[in-house]
Amino acid sequence: QYKSIAKFFTTVCVVACFYNFYANFNMFNASLLSMNAYEFSFQSFFLNRNQFGMFLVVSLFFMELLFEPGDKKKYLVFAFVILNLILTLSRGSMISAILFLLLLYFFEKGINGKVFFALLFLSVVLLAFIVNNNFISSFFANFVIRSDYGTSGRTEIWKYGFEVLKNINFINGCGFFSGVEMAHDAGMTVGQFHSLYIDSLIDGGFVYLAIVMGLYYSVYKRCNDRISDKHVLSTYRAFAIAVLVMGLNESVSFFSIGWVDTQFTIACFSYPLLLSSINWNS
């Protein structure tokens, strides 16, 4: 039964990935790599590519629970999803996906010195290959790293957020959406602060942020105490940590309306609580 939910999310993810290729088919031509990274947007049927990237990270969590370890279909689907994730050019989502997969491995296998140095060696070899291959290195420099765009304007957005924080009550904030309106009046042009923590502080102050993090920890602790299946528990723990890291520079949110809020509430609270309620010893 818990896998049926994971199957639903995985199915939607695969459909979204196929639609992404279908909707952007004309973009795959010789001029693609000569274009500016902000001239195109692989976002499937989502509002923007960051939302698509965040959804793909959530889907990786459900995919890991759906497929049995060693299932060849899993690697095929994973490769397809990772390709779509790279095409989103969402650096926050890519970093979160890498962190999720690394943590999952270490939670399941443990931190082994030989494995660690093997991964370090492979990383150095891969980096050397990327640097010495003009085609791949130019792609990473212009489309993934994008040093000329720095933080993609996030530091400016965070400045607006801190300016709002200076003018409101730090204890309980100024209420949902009010902070964005205040930032708009000051000149901000986007509709969010691109940070779970800044958003939470502005919306409800330290009280709201403490409540959200307290609930998050309580779910984590409940799962850690009650889920006896090592693979399921490792997958959840890796995902829970990756989401908190993603929240540093993406508007991850819970308990509100909208697609992003709903998917993260399900993935980080509702679904883990269901997993923790299973009698794994039966």
Side-chain angles (χ1 to χ4, degrees), residues 1-14 16-17 50-69 71 74-75 77-82 84-86 88 90-111 195-197 200 212-255 259-278 280:
Q1 288 177 327
Y2 84 82
K3 286 198 172 190
S4 66
I5 303 174
K7 184 177 182 180
F8 169 77
F9 263 87
T10 301
T11 302
V12 175
C13 176
V14 171
C17 290
N50 285 330
Q51 279 195 9
F52 185 35
M54 293 161 76
F55 169 70
L56 293 178
V57 175
V58 172
S59 298
L60 289 176
F61 166 60
F62 285 105
M63 273 184 259
E64 189 62 42
L65 294 176
L66 173 63
F67 294 106
E68 294 294 332
D71 190 334
K74 167 185 169 182
Y75 301 110
V77 176
F78 258 66
F80 186 46
V81 172
I82 294 297
N84 275 267
L85 184 58
I86 293 173
T88 66
S90 175
R91 290 173 292 186
S93 296
M94 285 189 276
I95 291 171
S96 299
I98 293 171
L99 179 63
F100 166 66
L101 295 174
L102 286 175
L103 288 173
L104 174 59
Y105 179 86
F106 285 122
F107 282 146
E108 282 206 278
K109 307 295 184 182
I111 300 178
S195 170
L196 163 66
Y197 308 100
S200 298
V212 171
M213 291 296 103
L215 288 171
Y216 201 91
Y217 173 74
S218 67
V219 174
Y220 185 91
K221 187 174 185 305
R222 178 186 171 98
C223 290
N224 197 52
D225 293 341
R226 299 192 180 190
I227 299 176
S228 57
D229 185 292
K230 186 177 181 180
H231 177 67
V232 174
L233 178 58
S234 298
T235 303
Y236 164 70
R237 290 175 64 197
F239 176 70
I241 295 172
V243 168
L244 292 181
V245 173
M246 184 191 294
L248 291 171
N249 69 336
E250 296 289 358
S251 286
V252 176
S253 54
F254 316 107
F255 314 124
W259 167 248
V260 173
D261 308 75
T262 303
Q263 73 167 351
F264 279 106
T265 301
I266 292 172
C268 298
F269 290 89
S270 307
Y271 192 67
L273 286 174
L274 289 174
L275 294 177
S276 69
S277 299
I278 295 174
W280 292 96

Closest contact, heavy atoms only, [X] versus [Y]:
X	Y	result
Y197	L244	OH-O, 2.8 Å
W280	S228	CB-OG, 2.9 Å
A97	L60	CB-CD1, 3.8 Å
L103	A238	CB-CB, 3.7 Å
D261	S253	OD2-OG, 2.5 Å
V57	S96	CG1-CB, 4.4 Å

[Y] and [X], any side-chain heavy atoms less than 4.5 Å apart:
X	Y	value
L56	C13	yes
F254	L196	yes
F100	V245	no
N224	L233	yes
Q263	Q51	no
F107	I241	yes
V14	C17	no

Worksheet entry | Residue pairs fulfilling salt bridge (Lys or Arg N to Asp or Glu O under 4.0 Å) with at least one residue in residues 229-250, sequence neighbours excluded |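 Applying salt bridge (Lys or Arg N to Asp or Glu O under 4.0 Å) to every pair that reaches into residues 229-250, excluding sequence neighbours, yields R154-E250.
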
Discussion item. Once salt bridge (Lys or Arg N to Asp or Glu O under 4.0 Å) is applied, do any residues pair with K221, and if so which ones, sequence neighbours excluded?
Written reply: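 With neighbours one apart ignored, the set is D225.
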
Discussion item. Name the residue from F61, F264, W259, F62 that meets the ring-ring contact (aromatic ring centres under 6.0 Å, His included) definition with F55.
Written reply: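 Among F61, F264, W259, F62, the one that satisfies the ring-ring contact (aromatic ring centres under 6.0 Å, His included) with F55 is W259.
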
Let me confirm one number: the [atom1]-[atom2] distance from [X] to [Y], rounded to the nearest 0.5 Å.
X	Y	atom1	atom2	value
M213	S218	CE	OG	11.0 Å
R226	I278	CZ	CD1	12.5 Å
F9	I266	CZ	CD1	4.5 Å

Discussion item. Does atom OH (Y217) have a neighbourhood of more than 12 heavy atoms from anything else shown, all under 6.0 Å?
Written reply: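 Atom OH in Y217 is not crowded, with 12 or fewer foreign heavy atoms closer than 6.0 Å.
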
Worksheet item: Can you tell me if NZ on K74 sees more than 12 non-hydrogen neighbours from other groups inside 6.0 Å?
Response: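 Above 12, so yes.
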
Discussion item. I want to know whether Y236 and Y271 have ring centres closer than 6.0 Å.
Written reply: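 That pair fails the under 6.0 Å test.
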
Item to complete: Pick out which of L275, L274, L66 makes a side-chain contact (heavy atoms from CB on, under 4.5 Å) with Y2.
Response: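 Running side-chain contact (heavy atoms from CB on, under 4.5 Å) over L275, L274, L66 with Y2 returns exactly one hit, L275.
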
Between [X] (side chain) and [Y] (backbone), is there a donor-acceptor pair under 3.5 Å?
X	Y	value
Y216	C268	no
S93	M54	yes
T88	L85	yes
H231	E64	yes

